[in-house]
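See structure below.
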Number of protein chains: 2
Amino acid sequence: MAGRRGQATRQKLLTCLDEMLSSSPYRDVRVIDVARRAGTSPATFYQYFPDVEGAVLELADEMARESSSLSELATDRTWTGKAGWQTAEEVVDGLLSFWRENDAILRVVDLGAAEGDKRFSKIRAKVLGGITGPLADSIGKLQSKGKADSDISPAAVAGSLVSMLTSVAGQQKAAQSWGAKKSDLKPNLAYLLYLGVTGRKPSR
Amino acid sequence: MAGRRGQATRQKLLTCLDEMLSSSPYRDVRVIDVARRAGTSPATFYQYFPDVEGAVLELADEMARESSSLSELATDRTWTGKAGWQTAEEVVDGLLSFWRENDAILRVVDLGAAEGDKRFSKIRAKVLGGITGPLADSIGKLQSKGKADSDISPAAVAGSLVSMLTSVAGQQKAAQSWGAKKSDLKPNLAYLLYLGVTGRKPSR
DNA sequence: CGGTAAGCTGACGACATGACAGGACAAGTA
DNA sequence: TACTTGTCCTGTCATGTCGTCAGCTTACCG
């Protein structure tokens with residue numbers, strides 16, 4: 001619906017919005033500030049987006065598309081022995097770095113979803129689903145082989161574990177407040193993940 | 001600093017703000033709406049609070065004070081055998097209901113903390129600390145008795161587990177999206193909590 | 001009752017929002 | 001180069017919120 005030049009300014013507005021979200025509270029992000037930063041006027045912003053929230057949804061959509069790479073972290077992976085421990089470490093690593101790269105927009109998506117906005121919930125479900133799905137599969141397979149507790153719900157356990165990882169990822173600065181060293185975080189998350197999936201302590 | 005009548009309108013403004021936060025997105029909560037709902041004028045609002053955020057901090061402080069009851073859930077509790085399973089169930093239950101009762105304000109506190117606002121981080125630390133502290137103690141004690149893995153960090157594990165519980169609590173509506181029944185949630189959270197604290201599967 | 005202080009509000013300048021009409025600009029044509 | 005065309009951008013305006021102040025109202029006390 002827009003030409004080459006139009007696409008460029010539209011993209012620039014999105015980029016500036018993203019920067020804005022990283023540097024100031026969501027509540028205080030104003031159309032006029034985004035427009036100024038992009039070297040354009042508020043009227044231009046409204047030509048491409050209904051409001052700030054609308055533009056944020058675009059950013060979130062883009063992020064959700066990129067998040068498909070997350071599912072590779074957990075699909076068709078083994079969860080036994082040392083290889084299983086490595087799987088856990090890689091999932092933790094992958095999630096944490098994805099969250100670090102997209103923390104601003106993920107924060108807003110989380111808020112929107114928590115407030116009950118279906119559009120944000122859907123995006124959040126897509127991002128998390130990329131991980132919880134394969135994880136739940138793995139747990140299910142372990143169950144059918146008798147290698148995991150049979151009276152747990154793979155979906156609930158996988159969802160809860162992923163919630164743990166993303167929540168910690170989103171509040172990484174807060175980690176020190178509860179008295180844990182920053183370097184402790186990753187290995188202990190991997191430990192809990194392995195434990196949750198397999199029901200056993202990891203053999204490192 | 002204020003007489004009887006002043007305290008009353010101040011409190012009324014806070015109550016209305018809380019209702020506002022429950023019913024509309026944080027981003028859209030306006031001083032004028034809060035004032036109108038409280039049957040007063042915007043100018044009155046500014047007499048008691050510097051802005052919406054300032055009033056939210058008051059609400060959050062109040063909530064943090066009430067959260068001290070949470071620490072009783074996890075202090076001096078046993079984590080062995082069936083009694084341990086009951087401990088886990090009660091911690092999950094207590095946290096989930098506290099979150100359900102205060103979801104609106106907790107949402108905003110989480111956002112503020114994630115955005116790096118020290119005032120919100122402090123409040124969040126106080127609320128979570130009431131649970132993570134005792135939990136970490138329990139894990140430490142189990143460790144010294146040789147009943148838990150010795151190369152984990154009690155603080156990191158406790159913090160991560162509490163993050164999991166609060167994150168799931170804050171997105172309860174989303175739980176169905178990952179394909180788990182609502183009734184599955186609590187027992188599976190208790191399972192993961194028990195597993196994380198003790199390193200063993202629960203004996204129910 | 002009358003006086004005093006605490007509490008509330010109308011009104012105002014400044015600023016953000018969102019809509020429109022018309023101006024600026026790139027690209028193609030002669 | 002001058003002209004045309006369609007896309008893209010912005011000046012401007014009505015509306016509404018923000019945050020402040022002077023002044024009015026209310027409650028309380030002697």
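Computed from a predicted structure; not experimentally measured. Letters A, B, ... are given to chains in the order of the sequence lines, protein chains preceding strands, and every chain is numbered from 1. Side-chain atoms are counted along with the backbone in the values below, which use heavy atoms only and exclude waters and symmetry mates.
Side chain of B:V31, nearest nucleotide from C:dT17, D:dC18, C:dT9: D:dC18. The side chain of A:R5 lies closest to C:dC25, out of C:dT9, C:dC25, C:dA16. Among C:dT17, D:dT20, D:dT10, the nucleotide with an atom closest to any side-chain atom of A:T44 is D:dT10. Comparing atom distances between the B:R30 side chain and each of C:dA27, D:dT17, D:dC9 picks out D:dT17 as nearest. Taking every side-chain heavy atom of B:Q47 into account, C:dC8 is the closest of D:dT10, D:dC28, C:dC8.
OP1 or OP2 of C:dG18 has at least one side-chain nitrogen or oxygen of A:Y46 nearer than 4.0 Å. Under 4.0 angstrom from either OP1 or OP2 of C:dG10 there lies no side-chain N or O belonging to B:S41. Taking side-chain N and O atoms only, B:R4 has a distance below 4.0 Å to OP1 or OP2 of D:dC28. OP1 or OP2 of D:dC9 has at least one side-chain nitrogen or oxygen of A:T9 nearer than 4.0 Å.
Looking at heavy-atom distances under 4.0 Å, B:Y48 makes contact with sugar-phosphate atoms alone, never a base. Among the heavy atoms of the strands, none lies under 4.0 Å from A:R10.
Between the side chain of B:S153 and the backbone N or O of B:A156 there is at least one donor-acceptor pair closer than 3.5 Å. Judged purely by atom type and a 3.5 angstrom limit, A:S22 uses its side chain to pair as donor or acceptor with the backbone of A:D18. Looking at B:Q11, its side chain never comes within 3.5 Å of a backbone N or O of B:G6 through a donor-acceptor pair.
If you take CD1 of A:I32 and P of D:dC13, they are 16 Å apart, rounded to a whole angstrom. Spacing between atom NZ of B:K12 and atom C1' of C:dG7 amounts to 15 Å, rounded to whole angstrom units. Taking atom CZ of residue A:F49 and atom C1' of nucleotide C:dT17, one finds them 17 Å apart after rounding to whole Å. Atom CZ in A:R36 sits roughly 18 Å away from atom P in D:dC9 (whole-Å rounding). The CG atom of B:D33 sits 13 Å away from the C1' atom of D:dC18 (whole-angstrom rounding). At whole-Å resolution of the value, CZ in B:F45 and C1' in D:dT17 are 13 Å apart. Separating the CD atom of A:Q7 from the C1' atom of D:dT7 is a distance of 13 Å, rounded to the nearest angstrom. The distance between atom CG of A:D28 and atom P of D:dG19, rounded to the nearest whole Å, is 10 Å.
A salt bridge between B:D33 and B:R37 is absent, with no side-chain N of the basic residue lying under 4.0 Å from a carboxylate O of the acidic one. Between B:K141 and B:D137 there is no salt bridge, since none of the side-chain N atoms of the basic residue sits less than 4.0 Å from a carboxylate O of the acidic one.
The residue among B:V52 and B:A43 whose nearest nucleotide of DNA chain D is located toward the 5' end is B:V52.
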